[in-house]
**Q** 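For reference, the structure I am asking about is given below.
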Number of protein chains: 2
Amino acid sequence: MNSDPVDKLVKLGFSEYEAKAYVALLRESPVTGYQLSKQSGVPRSMIYEVLGKLTARGAAMTLRKGGATKYAPVPAAEFLDQLHREHEELIFSLKDDLAALTSASDLEYVWNIEGHENIMAKAEEMIRQAKARIYLALLPVTFPALQPALEEAIRRRVRVVVYTTSDLDLPGGQVVVAPVFEDARDRVEGLMLILVVDREEVLIGERLTATQARASWTSSPLLVFIAEHHLRTDPYLPQVLACLEDRGLDLIQEEDRELFAHALESHING
Amino acid sequence: MNSDPVDKLVKLGFSEYEAKAYVALLRESPVTGYQLSKQSGVPRSMIYEVLGKLTARGAAMTLRKGGATKYAPVPAAEFLDQLHREHEELIFSLKDDLAALTSASDLEYVWNIEGHENIMAKAEEMIRQAKARIYLALLPVTFPALQPALEEAIRRRVRVVVYTTSDLDLPGGQVVVAPVFEDARDRVEGLMLILVVDREEVLIGERLTATQARASWTSSPLLVFIAEHHLRTDPYLPQVLACLEDRGLDLIQEEDRELFAHALESHING
DNA sequence: ATATCGTGATTATAAACCTAACGTCTACGT
DNA sequence: ACGTAGACGTTAGGTTTATAATCACGATAT
């Protein structure tokens with residue numbers, strides 16, 4: 001995550017040369033174009049064009065001193081603040097513009113979300129919007145990414161229940177630890193994630209590790225109900241079957257025995 | 001300022017097609033690629049690539065319904081929040097990175113800043129950083145851009161004095177109204193701006209209207225002193241000369257008479 | 001003379017953009 | 001049954017633009 005500052009500058013819209021030049025300028029200034037081209041690795045023939053763009057953007061300043069022109073960076077904090085402010089303004093005005101356009105899209109569908117980042121972002125957003133209840137099933141590795149949002153939700157008095165496979169630290173929330181059955185683990189490739197918010201929407205993520213991570217989101221009432229129901233009942237299954245004792249086998253139809261095998265087994269072993 | 005939302009999206013890093021497609025998606029969804037290409041003006045041959053990028057970025061979602069694939073946008077507010085959060089993170093982590101690199105640049109120079117926006121941004125930044133005193137000379141048209149920052153400074157108990165040519169509304173600040181002499185107006189092309197902050201730094205902007213607006217910034221003590229002195233004494237000049245009365249003409253050397261002509265005249269006329 | 005300094009011209013490459021044509025389906029009217 | 005048309009998706013060509021990579025030419029200065 002914490003890569004070269006040059007990369008980050010490129011993400012902010014700089015060209016690679018511009019980024020290199022700016023970083024080099026921060027390292028040492030004031031310098032002439034020639035000096036900078038050496039220290040930054042930007043070809044001499046490009047450095048003036050690049051410096052021109054930097055000054056035009058407000059990232060650098062020029063200084064004429066005895067015939068020669070020297071350059072210095074605008075202090076990083078100052079420039080970044082400026083960038084940030086511009087970006088904020090853009091976002092805000094866009095929000096207004098786009099809010100006017102948006103027509104209520106039909107939510108009674110199942111939508112697909114692609115990309116690990118987008119899925120986690122959606123999950124975070126859902127948690128952030130939660131008003132009353134959150135049911136969340138995930139593997140412990142996925143937990144840290146959502147922990148801050150969950151803690152914030154708890155502070156808002158949202159009831160949070162997390163189902164996972166080993167104990168997690170979530171004060172104020174309820175953590176239910178239950179093993180994942182082998183067949184489920186086999187059937188689900190990669191990490192999984194089930195998130196039910198306010199009995200209104202559900203996010204089901206699969207293959208979270210793979211590069212082409214995929215998730216489904218819906219506010220379809222039935223699917224939401226099913227997902228929530230599954231989360232809340234599944235951990236009890238072994239105990240319920242225990243109560244049934246031997247009668248359990250009679251109640252369960254032949255073809256479904258296999259399905260319950262693991263639960264029964266864990267009862268026997270436990 | 002308030003242009004096409006598509007332009008703003010482009011500024012946020014979208015391609016033009018991506019922006020058009022997203023806006024069109026907000027207008028109506030869910031739609032197939034074909035429909036969207038018509039409504040958005042994006043060529044059919046590009047629409048799927050574009051939609052792919054949008055979904056990869058978390059701006060759109062796919063829906064499979066009866067063989068056909070349909071698309072819908074991630075709600076604007078949600079997506080923009082997400083973008084904003086990412087941008088903030090980038091900025092913050094960059095600030096840390098770059099702060100570590102920055103070597104104190106020599107400030108005893110006069111630096112040049114280009115571009116109207118950059119100059120105004122620098123002025124705003126200076127005002128924002130001001131701790132004790134602000135002396136500012138400008139024409140009334142330039143005032144609104146800086147007004148919020150100035151008011152904020154006044155709230156911080158910074159002493160603010162504005163020199164201009166017609167009365168301005170700046171409660172808590174001191175506004176000195178004085179005419180600009182004709183020769184000064186002739187000599188200065190376009191708008192001008194002089195800003196002295198905390199007796200430490202000064203910004204002198206010229207040709208603010210021209211496309212190649214230019215400004216000088218320095219913390220050189222002498223220049224700062226001169227600029228501040230000029231601002232504070234200039235408005236008194238007519239009155240001072242009035243006190244001198246006729247002796248004024250004797251005191252002033254032949255070659256300088258022209259320089260004071262206007263002041264003397266305004267004294268005579270007033 | 002050699003390191004420093006500034007500029008111009010040239011080419012390569014990839015991304016974005018644009019246009020045209022080619023396919024499959026399905027529906028509808030004759 | 002047949003042809004047409006429109007929805008739908010794909011393929012292949014092309015231009016333009018921004019960035020990157022190189023070479024080459026002049027000038028100044030110690």
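To find a chain, count down the sequence lines: A is the first, B the second, and so on, and within it residues start at 1. Just so it is clear, the values below take in all heavy atoms, side chains as well, and ignore hydrogens, waters and symmetry mates.
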**Q** Could you note down all residue pairs passing side-chain hydrogen bond (donor to acceptor under 3.5 Å, both in side chains) where residues 47-60 of chain A supplies at least one of them, sequence neighbours left out?
**A**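 Checked against side-chain hydrogen bond (donor to acceptor under 3.5 Å, both in side chains) - neighbours excluded - the pairs reaching residues 47-60 of chain A are A:E18-A:R57.
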**Q** Just to verify, what does A:F225 make a ring-ring contact (aromatic ring centres under 6.0 Å, His included) with, not counting sequence neighbours?
**A**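 Listed in chain order: A:H229.
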**Q** Return the minimal non-hydrogen interatomic distance between A:L25 and A:L36, and the atom names on each side.
**A** N-CD1, 3.8 Å
**Q** Output a table of nitrogen or oxygen pairs between the protein and nucleotides 28-30 of chain D separated by less than 3.5 Å.
**A**
none

**Q** Between A:H84 and B:F92, how do the two ring planes meet: parallel, tilted or perpendicular, split at 30° and 60°?
**A** tilted
**Q** ring-ring contact (aromatic ring centres under 6.0 Å, His included) with A:Y22: which residues, sequence neighbours excluded?
**A**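 ring-ring contact (aromatic ring centres under 6.0 Å, His included) check on A:Y22 returns A:F79.
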**Q** Quick check on contacts: within residues 13-28 of chain B, what sits under 4.0 Å from DNA chain C by heavy-atom distance?
**A** B:S15, B:E16, B:Y17
**Q** Are side-chain heavy atoms of A:Y135 and A:I194 found at a separation under 4.5 Å?
**A**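 Not touching, per the 4.5 Å side-chain cut-off.
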**Q** Do the side-chain N and O atoms of A:Q39 and A:Q35 include a donor-acceptor pair separated by under 3.5 angstrom?
**A**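 Note: A:Q39 and A:Q35 side chains miss the donor-acceptor criterion.
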**Q** Give the B/S/- string for nucleotides 5-15 of chain D, one per nucleotide from 5' to 3', where a protein heavy atom under 4.0 Å of the base yields B, of only the sugar-phosphate yields S, and otherwise -.
**A** --BBBBB----
**Q** A quick test of your reading: do over 12 heavy atoms of other residues, nucleotides or ligands sit less than 6.0 Å from CZ of A:R27?
**A** no
**Q** Mind checking salt bridge (Lys or Arg N to Asp or Glu O under 4.0 Å) for B:D81 and listing every partner two or more places apart, or none if nothing turns up?
**A**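 Result, salt bridge (Lys or Arg N to Asp or Glu O under 4.0 Å) vs B:D81: A:K95.
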**Q** Please name all residues satisfying side-chain hydrogen bond (donor to acceptor under 3.5 Å, both in side chains) with B:R128, sequence neighbours left out, ordered by chain then number.
**A** B:E124
**Q** Looking at residues at least two apart in the chain, or sitting in another chain, which of them share a salt bridge (Lys or Arg N to Asp or Glu O under 4.0 Å) with B:E152?
**A**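 By the salt bridge (Lys or Arg N to Asp or Glu O under 4.0 Å) rule, B:E152 matches B:R156.
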**Q** Rounding to a whole Å, what distance do you find between B:E49:CD and C:dA14:C1'?
**A**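 The distance from CD of B:E49 to C1' of C:dA14 comes to 12 Å, rounded to the nearest Å.
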**Q** Kindly express the pairing pattern of DNA chain C in dot-bracket notation, using | wherever a base pairs with another strand and counting only Watson-Crick or G-U pairs under 3.5 Å.
**A** ||||||||||||||||..||||||||||||
**Q** Under 4.0 Å: is that the gap between some side-chain N or O of A:K53 and OP1 or OP2 of D:dA18?
**A** no
**Q** Can you sort out the partners of A:E200 under side-chain hydrogen bond (donor to acceptor under 3.5 Å, both in side chains), two or more places apart, ordered by chain and number?
**A**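 With neighbours one apart ignored, the set is empty.
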**Q** Strictly by salt bridge (charged side-chain N to carboxylate O under 4.0 Å, His left out), give each pair with a member in residues 109-123 of chain B just once, sequence neighbours left out.
**A** A:E78-B:K122
